Amino acid sequence: MPTRWYNILADMPTPPAPMLHPQTRQPLTVDEMSQLFARGLSEQEFSRERFIEIPDQVRDLYRIWRPTPLVRASGLEKALDTPAKIYFKNESVSPVGSHKLNSAIPQAYYNKVEGIQHLTTETGAGQWGSALSIACKHFGLDLRVYMVRVSYEQKPYRKSVMHTYGATVIPSPSETTEAGRQMLAAYPNTPGSLGMAISEAVEYARTHENTRYALGSTLNHVCLHQTIIGEEARLQMEKTGDYPDVVIGCFGGGSNFCGISFPFLRDKLAGERSTRFIAAEPASCPKLTHGKFEYDFGDSQGLTPLIPMYTLGHDFQPAAIHAGGLRYHGGGQIISQLMKDGWIEAADVQQLESFQAGVLFSQVEGIIPAPESTHAICVAIQEALRAKEEGIEKTILFNLSGHGLIDMASYDRYFAGELS
Ligand SMILES: *Cc1c(COP(=O)(O)O)cnc(C)c1O
């Protein structure tokens, strides 16, 4: 298992524009960020150090399930009758079933060592909330999760997972914050949104003693932690004798895509490789393929710093697709700059084609993917079929960000023809 995370900020030819303080509109400082996030995480957010040592206590917990398998998808290759070699990195084997734990553990750790006792966060479908719940339990922190109301009501199992790990889960918008009360007064029957839940979690952390906030994607320190995926994959690919021509990840706020990509992108930035990197996003929330590059907030109320990024607007309300983890309006600071400079590409995928890909993958590889991960599988299949048409061998690597065993209601609705 690698001992360091990779910080791509050290190698970007065009550094991203700074994040701005939401009130002063001046470049955000580490001190300002530390009022909301642990200082260790705020320092990582701005760091230009190429490699950052993974603390021992974090590595001990990573060892519960890491390294994760790198798998040759021979069943999928056969089903597609493609000359391409397809590999996937299986992040679904983590105790919570997704890559989210890779960042939840260090986030809980840095808060703990600084003496913080309470954390708040938000969760959409519940993947991030589940991961942070067990991470907080490992370090003896108390956690309050604002869960988007529609998911709280329609996806009860992840709420049960969070309860089991000992977290407090509150459907958002709620009466427990000013932001929530305002939202409920204006829209009594609102299903809630991720942006709304972030506003509540941020407000609660700001107004309570010894409390900090944690975010599961988009920010630089989250992408940094996720590079454990790609660092491992590099070592594993070396053993196969292959090197990926294409690297693919699904894209919500960017963390798993960054995680699998950045360690390989390092070689491309150094001029040693010409690998393509494809972010697979849902057609219903296409910030990289159809968004605008501008300063925008990370939440719906404008409480977070302004981030220079591809965005659909912080008040964008995506359709209620079943890949809940991909329904985020912005692409984050690093990815957006890399996209603008042409180092990575993006592809958008329709919901029905994503489920079709997910069902094929389930049947030939035996792992039922999360609805989010099916987007990456779909683009990997498209690339493999193109290789077949063109009669060229190529090596495809995608990240299987999670399994879908708690999302079977979504598969049921797909089979019943109820999805669009
Ligand atoms: C949260 C989640 C995603 C999307 O988040 P990113 O930060 O873009 O990785 C993708 N897949 C799964 C399984 C998730 O839980």
Side-chain angles (χ1 to χ4, degrees), residues 68 88-104 107 121-134 145 147-148 151 155 157-158 161-162 194 197-198 214-230 247-262 277-282 285-288 298 309-310 318 321-336 339 344 346 348-349 354 358 361 367-379 398-407 410:
T68 64
F88 65 92
K89 181 73 168 151
N90 187 359
E91 290 295 308
S92 82
V93 300
S94 92
V96 296
S98 79
H99 68 287
K100 295 277 192 340
L101 203 50
N102 297 329
S103 184
Q107 290 198 41
T121 197
E122 72 295 322
T123 196
Q127 293 270 27
W128 168 245
S130 310
L132 194 60
S133 297
I134 186 59
V145 183
M147 183 172 192
V148 176
S151 304
K155 301 200 166 171
Y157 291 126
R158 285 219 179 82
V161 170
M162 290 183 264
L194 215 43
I198 296 177
L215 186 63
S217 184
T218 315
L219 293 176
N220 303 348
H221 67 268
V222 185
C223 298
L224 172 78
H225 303 152
Q226 293 294 350
T227 59
I228 185 79
I229 303 173
V247 177
I248 300 162
C250 66
F251 197 94
S255 73
N256 90 91
F257 174 73
C258 297
I260 187 93
S261 298
F262 288 176
F277 298 88
I278 312 178
E281 54 181 16
C285 196
K287 54 257 174 191
L288 296 179
M309 62 180 175
Y310 283 98
I321 56 161
H322 285 255
L326 305 185
R327 296 174 69 240
Y328 188 66
H329 65 274
Q333 188 187 23
I334 294 179
I335 278 295
S336 295
M339 176 85 190
I344 63 161
D348 53 6
V349 176
S354 76
F361 184 80
I367 303 169
I368 299 182
E372 290 85 0
S373 316
T374 61
H375 291 70
I377 297 171
C378 185
V379 173
F398 73 86
N399 192 42
L400 185 72
S401 55
H403 70 66
L405 293 177
I406 308 184
D407 303 285
S410 306

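Note that the structure is predicted; figures quoted are calculated from it, not measured. Atoms within each ligand, like the ligands themselves, are counted from 1 in listed order. We use all heavy atoms of the structure for the numbers below, so side chains are in, but hydrogens, waters and symmetry mates are not.
Backbone and side-chain nitrogen or oxygen atoms of Phe257 are examined, and none is located within less than 3.5 angstrom of a nitrogen or oxygen of ligand 1. Polar contact check, Glu372 against ligand 1: no nitrogen or oxygen pair lies under 3.5 Å apart. Not a single N or O atom of Thr218, backbone or side chain, sits closer than 3.5 Å to an N or O atom of ligand 1. For ligand 1, the polar-atom distance check against Ser401 finds a nitrogen or oxygen pair separated by under 3.5 Å.
With a 4.0 Å heavy-atom cut-off, ligand 1 is reached by the side chain of Leu326 but not by its N, CA, C or O. Neither the backbone nor the side chain of Tyr328 has a heavy atom within less than 4.0 Å of ligand 1. Contacts between Gln226 and ligand 1, counted as non-hydrogen atom pairs separated by less than 4.0 Å, are absent for every part of the residue.
The nearest protein atom to atom 8 (O) of ligand 1, hydrogens excluded, is given as Gly252 N, 2.6 Å; this is a heavy-atom distance. In terms of protein heavy-atom proximity, atom 4 (C) of ligand 1 is closest to Gly325 O, 3.3 Å.
Across all non-hydrogen atoms, the minimal contact from Pro369 to Thr374 is CG-CG2, 3.7 Å. Among all heavy-atom pairs drawn from Ala376 and Ile248, the shortest one is O-CG2, 3.6 Å. The two residues Arg158 and Ser130 make their nearest non-hydrogen contact at CD-OG, 3.7 Å. The two atoms that bring Ala125 and Met147 nearest to each other are O-CE, 4.0 Å, heavy atoms only.
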Inset, instruction - Step by step, work out the side-chain contact (heavy atoms from CB on, under 4.5 Å) result for Asp407 and Ile368. - result: CA-CA 9 Å; Asp407 303 285; Ile368 299 182; over 6 Å; no

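Using modelled atom types, one finds a donor on one side chain and an acceptor on the other under 3.5 Å when comparing His225 with Ser103. Between Glu91 and Asn102, the side chains place a donor N or O and an acceptor N or O closer than 3.5 Å (distance only, hydrogens not considered).
Residue Lys100 holds the heavy atom nearest to atom 1 (C) of ligand 1 of all those in Gln127, Glu281, Lys100.
If you number the atoms of ligand 1 from 1 as listed, the ones under 4.0 Å from a heavy atom of Gly254 come out as 6 (P), 7 (O), 8 (O). The distance from ligand 1 to the heavy atoms of Gly402 drops below 4.0 Å at these ligand atoms: 13 (C). Residue Cys250 has at least one heavy-atom neighbour below 4.0 Å for each of these atoms of ligand 1: 10 (C), 11 (N). Below 4.0 Å from some heavy atom of Ser217 lie the following atoms of ligand 1, by number and element: 6 (P), 7 (O).
Within the 4.0 Å heavy-atom shell around ligand 1 one does not find Trp128.
The aromatic rings of Phe398 and Phe88 sit parallel to each other, their planes meeting at less than 30°, with 60° as the upper class boundary.
Counting only distance, with no hydrogens or angles, the side chain of Lys100 and the backbone of Ser401 share no donor-acceptor pair below 3.5 Å.
Of the residues Thr68, Asn90, Asn256, the one that meets the side chain to side chain donor-acceptor pair (under 3.5 Å) test with Asn399 is Asn256.
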